[in-house]
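Okay, so here's the structure we're looking at.
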Amino acid sequence: MSGGSLAGRRAMITGAGRGLGAAIARRLWEEGASLVLVARTGAQLRATAEGLPPRDGQRADVHVVDLEAFGAVGEAAGGAAAAAERLLESVGRDGPLDILVNNAAIQGPIGPLWENDWIEWTRAIAVDFLAPAALCRAAIPRMRPGGAIVNVSGGGAASGRPRFSAYACAKTALVRLTEILAEEARPHGIRVNALAPGVMPTSMLAEIERAGAAAGGRDFETARAALQRADPAAFAAPAELCAWLVSDRAVSVTGRLISAVWDPWREWSATPPALEGTDLYTLRRVTPPSPGRPG
Ligand SMILES: NC(=O)c1ccc[n+]([C@@H]2O[C@H](COP(=O)([O-])OP(=O)(O)OC[C@H]3O[C@@H](n4cnc5c(N)ncnc54)[C@H](OP(=O)(O)O)[C@@H]3O)[C@@H](O)[C@H]2O)c1
């Protein structure tokens with residue numbers, strides 16, 4: 001079996017056909033993990049799998065799934081939960097799952113809420129929040145102690161992002177769920193973190209560029225500049241951070257939202273951060289100092 005920090009582990013990565021998901025797949029593979037690649041487009045998933053250099057004892061399986069189906073609500077939610085469980089059962093037949101990376105997402109409608117197509121708005125909530133939640137729900141009882149989940153966050157999770165309400169609200173909810181699940185899964189030896197990858201030139205940014213003025217000046221300019229630079233290095237830091245977060249090296253880190261771009265996570269490999277009992281790297285209400293309340 002190949003060496004590496006994830007040797008002998010098995011990781012499911014959603015949205016692994018292109019963009020960040022494909023970069024994370026390649027990085028976890030380098031670290032020795034076997035992979036379960038999930039998205040709608042089988043050809044892209046197979047291209048990711050076929051692009052991996054052969055390594056002894058590792059395998060990459062492909063599951064073509066529309067995650068929107070896992071986000072159904074109301075009467076249909078029972079079927080959605082059962083579908084998520086069936087996927088995990090099917091993945092589990094080839095060996096236990098140690099790692100889940102909820103990376104797949106869609107941009108959703110761009111513009112003020114009242115101009116958004118309501119079906120598209122709820123679709124973004126389904127794919128970006130309800131589906132990852134359903135996958136966590138199905139995966140955690142089936143994971144071994146030492147398991148780890150990474151939920152990929154996005155712009156608007158930690159601050160207001162006008163014109164991207166569906167995407168931003170879904171990502172905020174995903175980060176809050178991460179914090180809650182970290183505590184619920186702690187007794188089972190499973191860690192749950194969120195990762196903010198930074199701006200990367202992908203089809204998601206192309207949608208923002210296409211939206212033009214509806215996206216607002218700053219988002220449009222940021223997207224256009226990143227697409228023009230087309231810097232492949234933009235994927236390296238988030239993929240590296242993901243590999244670190246799911247490894248035993250990050251054993252003291254759970255329930256946190258870590259930015260690949262802004263946070264000193266590279267230093268933590270040498271000196272593990274003392275985060276327990278602090279609000280560091282979490283979503284909190286910012287208030288002025290007040291007597292009797294901890295700062
Ligand atoms: N790009 C950025 O600047 C940026 C910034 C911050 C955060 N992020 C986050 O990074 C993650 C990856 O984004 P990306 O930029 O790499 O996007 P991307 O290139 O558009 O890739 C998205 C992936 O998700 C899959 N996906 C979308 N809808 C799906 C569905 N209904 N069922 C199954 N799979 C589905 C896509 O495959 P199919 O279409 O084949 O299904 C694709 O593999 C997302 O969580 C995103 O929110 C991106």
Side-chain angles (χ1 to χ4, degrees), residues 12-27 35-49 62-72 80 83-84 87 100-108 110 120 122-132 134-135 150-159 161 164 166-175 178 194-210 215 218-227 229-239 241-242 257-262:
M12 179 160 124
I13 304 160
T14 66
R18 58 176 190 265
L20 178 60
I24 289 174
R26 288 190 288 270
R27 192 66 195 84
L35 304 178
V36 180
L37 309 175
V38 175
R40 289 169 299 185
T41 313
Q44 290 186 352
L45 292 175
R46 284 190 290 277
T48 301
V62 162
H63 288 255
V64 176
V65 179
D66 184 350
L67 294 171
E68 188 185 332
F70 295 2
L87 173 63
L100 168 63
V101 182
N102 275 313
N103 162 81
I106 54 174
Q107 190 70 76
I110 298 172
E120 292 304 316
T122 58
R123 181 167 284 146
I125 300 293
V127 176
D128 297 359
F129 175 59
L130 294 174
L135 283 177
V150 166
N151 292 319
V152 177
S153 170
S159 60
R161 190 179 181 199
F164 292 83
Y167 180 81
C169 289
K171 293 296 191 176
T172 307
L174 187 58
V175 174
T178 298
L195 179 164
V199 177
M200 303 164 293
T202 67
S203 44
M204 223 173 235
L205 286 199
E207 276 185 59
I208 299 178
E209 194 184 38
R210 274 197 302 277
R218 217 181 92 216
D219 276 278
F220 174 76
E221 289 305 334
T222 304
R224 196 164 63 171
L227 288 166
R229 271 199 311 278
D231 182 5
F235 300 98
L241 172 57
C242 185
L257 165 60
I258 310 294
S259 163
V261 177
W262 301 110

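Counting starts at 1 for both ligands and their atoms, following the listed order.
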Could you tell me the residue and atom name of the protein heavy atom closest to [atom], and the distance to it rounded to 0.1 Å?
atom	result
atom 10 (O) of ligand 1	V152 CG1, 3.5 Å
atom 42 (C) of ligand 1	R18 CZ, 3.6 Å
atom 25 (C) of ligand 1	G15 CA, 3.6 Å
atom 20 (O) of ligand 1	S203 OG, 2.8 Å
atom 22 (C) of ligand 1	A105 O, 3.9 Å
atom 31 (N) of ligand 1	D66 OD1, 2.9 Å
atom 15 (O) of ligand 1	T202 OG1, 2.5 Å
atom 40 (O) of ligand 1	T41 OG1, 2.4 Å

Output the distance between atom [atom1] ([X]) and atom [atom2] ([Y]), rounded to the nearest 0.5 Å.
X	Y	atom1	atom2	value
E120	I110	CD	CD1	11.0 Å
I106	E68	CD1	CD	6.5 Å
R46	L37	CZ	CG	11.5 Å
T14	R40	OG1	CZ	11.5 Å
I24	L35	CD1	CG	11.0 Å
T202	R18	OG1	CZ	8.0 Å

I'd like to check which ligand 1 atoms, numbered from 1 as shown, lie under 4.0 Å from a non-hydrogen atom of [X].
X	value
G19	16 (O), 19 (O)
V65	32 (N), 33 (C)
G17	43 (O)
I106	27 (C), 28 (N)
V199	3 (O)

N/O donor-acceptor pair under 3.5 Å between [X] side chain and [Y] backbone:
X	Y	result
T178	A194	no
T41	A43	no
K171	V152	yes
N103	G15	yes

Nearest heavy atom to [atom] wins, so pick from [options].
atom	options	value
atom 27 (C) of ligand 1	R40, M204, Q107, E68	R40
atom 11 (C) of ligand 1	N103, T48, L227, T14	N103
atom 3 (O) of ligand 1	E207, M200, Q44, H63	M200
atom 26 (N) of ligand 1	A157, A104, A234, P201	A104
atom 5 (C) of ligand 1	G154, G71, A170, G198	G198

Contact summary for [X] and [Y], nearest pair of heavy atoms:
X	Y	result
I13	A25	CD1-CA, 3.5 Å
L130	G71	CD1-O, 3.1 Å
F235	G19	CE2-C, 3.8 Å

Hey, is ligand 1 close enough to [X] that some N/O pair sits below 3.5 Å?
X	result
L67	yes
P197	no
V38	no

Who pairs with R161 by side-chain hydrogen bond (donor to acceptor under 3.5 Å, both in side chains), at least two apart in sequence or on another chain?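 Only D219 meet the side-chain hydrogen bond (donor to acceptor under 3.5 Å, both in side chains) criterion with R161.
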Heavy-atom contacts under 4.0 Å between A39 and ligand 1: side chain, backbone, both, or neither?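 Both backbone and side chain of A39 come within 4.0 Å of ligand 1.
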Mode of L205 contact toward ligand 1 - side chain, backbone, both, neither (heavy atoms, under 4.0 Å):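 The side chain, only.
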For the pair R218 and E221, evaluate salt bridge (Lys or Arg N to Asp or Glu O under 4.0 Å) and give the outcome as yes or no after the intermediate values. CA-CA 5 Å; R218 217 181 92 216; E221 289 305 334; over 6 Å; no
Please confirm whether S153 approaches ligand 1 to less than 4.0 Å, judged on its heavy atoms. yes
Heavy atom of K171 under 4.0 Å from ligand 1?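 Distance cut 4.0 Å: K171 passes for ligand 1.
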